[in-house]
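What follows is a single structure, written as structure tokens, with notes after it.
A quick note: this is a predicted structure, and the numbers were derived from the prediction, not measured. Here is the naming used below: chain letters follow the sequence lines, and residue numbers restart at 1 for every chain.
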There are 2 protein chains.
Amino acid sequence: MTQTTIAETVPKNRRRRRSARSLDEPFRERARDALRSEGHRMTQQRDILLNVIENAGAHLDADGLYQLARRQDNRISLSTVYRTLSLLKRHNLIDELHLSEEHHHYEAKTAEEHYHLVCIDCGAVEEFAGGIIEHVREVVKHERGFHVTSLQLDIAGMCARCQKEAA
Amino acid sequence: MTQTTIAETVPKNRRRRRSARSLDEPFRERARDALRSEGHRMTQQRDILLNVIENAGAHLDADGLYQLARRQDNRISLSTVYRTLSLLKRHNLIDELHLSEEHHHYEAKTAEEHYHLVCIDCGAVEEFAGGIIEHVREVVKHERGFHVTSLQLDIAGMCARCQKEAA
DNA sequence: ATAAGTGCAAAGAATTTGCATAGCG
DNA sequence: CGCTATGCAAATTCTTTGCACTTAT
């Protein structure tokens with residue numbers, strides 16, 4: 001299966017306010033602040049990784065991030081990638097996805113919740129947002145008294161393009 | 001995290017028609033038919049595993065199934081468990097779940113689609129069905145032309161009981 | 001200076017595979 | 001009997017860890 005997964009649909013030109021430390025702030029800054037404020041140091045390796053995560057418009061796995069990071073500075077090790085990812089996850093700065101049964105993929109946390117459409121043919125990952133999911137949260141809350149902290153929705157199938165090509 | 005995950009909500013007393021090879025038929029029979037018709041043999045190990053999968057009212061991982069199976073007949077190996085699971089998955093007789101970030105869990109395919117509420121406190125897995133998800137399929141179809149073949153929704157949070165206990 | 005962070009290589013966990021043999025059809 | 005499925009142990013894949021060394025602060 002193709003490893004080159006491309007986020008096709010979430011607009012890249014998301015507005016970036018300057019002041020607030022909200023989710024709308026650029027990922028790198030937000031992450032740096034968060035880590036610093038928790039007493040972590042900002043090493044060159046972390047800096048590069050934050051960059052890579054911010055700019056890779058895709059859902060990458062640890063090794064993918066490693067390859068990209070090492071292109072900027074090869075003094076980085078896979079362990080550091082894993083350790084950084086785990087740190088970022090602990091601080092809720094990235095999401096860990098279990099997309100296509102395989103190993104983990106990661107993405108910077110964005111302002112809006114969104115979910116994933118994985119094409120089983122070309123491997124592309126589209127993102128998809130919508131208020132429908134809010135209903136799910138509410139239903140679960142009211143019918144079950146279940147308090148949702150994280151919701152993961154992953155849809156596999158065939159994207160429009162591949163359907164056409166297959167026809 | 002607790003390994004004892006219990007399906008609490010899908011009714012156990014699901015009606016079982018005798019004749020049709022539909023999803024309403026008991027899992028073991030359905031699976032046996034399907035495998036046989038595809039030229040696979042019915043070994044003692046497979047028989048036991050089908051039994052275990054049908055009766056374990058929980059979402060078990062490969063090792064869990066292995067332990068239960070081995071209790072019935074210890075001439076079974078973990079490789080066989082994996083090979084059987086992969087066979088069943090290939091024939092669409094079971095679902096493979098990526099529940100709580102960890103390794104894979106498996107469950108017999110049932111008539112009705114359902115999703116999972118995993119309590120991060122006690123580890124229990126509730127099942128949850130509802131037409132809301134059908135909407136999601138439709139939206140994705142109409143807005144994106146994306147043809148859904150599999151949809152996985154996993155919700156983590158705190159179950160009603162644990163919320164009370166925590167209070 | 002000094003504690004947090006790193007690289008490396010080795011350990012771990014989950015899963016797969018090669019090969020000789022057992023056993024279904 | 002012939003071919004599929006099994007057991008076992010070794011190989012793979014992804015991820016974590018121990019330890020001596022670097023490096024931010």
Handout entry: Evaluation steps, side chain to side chain donor-acceptor pair (under 3.5 Å), between His135(B) and His135(A)
Key = CA-CA 11 Å; His135(B) 287 307; His135(A) 286 307; over 6 Å; no

Handout entry: Separation between CG of Leu88(B) and CZ of Phe27(B), rounded to the nearest 0.5 Å
Key = 5.0 Å

Problem - Integer-rounded Å distance: dA4(C) C1' and Arg90(A) CZ - result: 13 Å

Exercise for the section: Measure the distance from NE2 on His40(A) to C1' on dT6(C) and round it to the nearest whole Å. Expected result: 15 Å

Problem - Nearest heavy-atom neighbours spanning His91(B) and Leu35(B) - result: CD2-CD2, 3.9 Å

Exercise for the section: Looking only at side-chain atoms of Gln45(B), point me to the closest of dT6(D), dT2(C), dG2(D). Expected result: dT6(D)

Practice task
Nearest whole angstrom, please: distance from the P of dA24(D) to the CD1 of Ile48(A).
Solution key: 11 Å

Exercise for the section: Fit a plane to each ring of His105(B) and His103(B), take the angle between them on a 0 to 90° scale, and name the class: parallel (under 30°), tilted (30 to 60°) or perpendicular (over 60°). Expected result: tilted

Practice task
Look at Arg46(A) and dA4(C) and indicate whether a side-chain polar atom (N or O) is within less than 4.0 Å of OP1 or OP2.
Solution key: no

Practice task
Measure from the side chain of Thr43(B), starting at C-beta and using heavy atoms only, and say which of dC8(D), dT25(D), dA5(D) lies closest.
Solution key: dA5(D)

Practice task
Return the value, rounded to whole Å, for the distance between atom CD of Glu38(B) and atom P of dA5(D).
Solution key: 12 Å

Exercise for the section: Calculate the interatomic distance between Leu87(A) atom CG and dG5(C) atom P; express it in whole Å. Expected result: 7 Å

Practice task
Can you label the angle between the His116(A) ring and the His59(A) ring as parallel, tilted or perpendicular, going by 30° and 60°?
Solution key: perpendicular

Problem - dC3(D) phosphate, OP1 or OP2, under 4.0 Å from Arg41(B) side-chain N/O - result: no

Polar-atom pairs under 3.5 Å, protein N or O versus N or O of nucleotides 14-17 of chain C: list them with distances, or write none.
| from | atom 1 | to | atom 2 | distance (Å) |
| --- | --- | --- | --- | --- |
| dT15(C) | OP1 | His104(B) | N | 3.3 |
| dT15(C) | OP1 | His104(B) | ND1 | 3.3 |
| dT15(C) | OP2 | Tyr82(B) | OH | 2.5 |
| dT15(C) | O5' | Tyr82(B) | OH | 3.3 |

Handout entry: Nearest-angstrom distance from the residue atom CD1 of Ile76(A) to P of dT23(D)
Key = 14 Å

Handout entry: More than 12 heavy atoms from other groups under 6.0 Å of NE2 on His147(B)
Key = no

Handout entry: Salt-bridge present (Asp47(B), Arg28(B); N to O < 4.0 Å)
Key = no

Practice task
Rounded to the nearest angstrom, tell me the gap between atom CG in Asp47(A) and atom P in dT23(D).
Solution key: 15 Å

Exercise for the section: Take atom CE of Met42(B) and atom C1' of dT6(D), then tell me their distance rounded to the nearest Å. Expected result: 14 Å

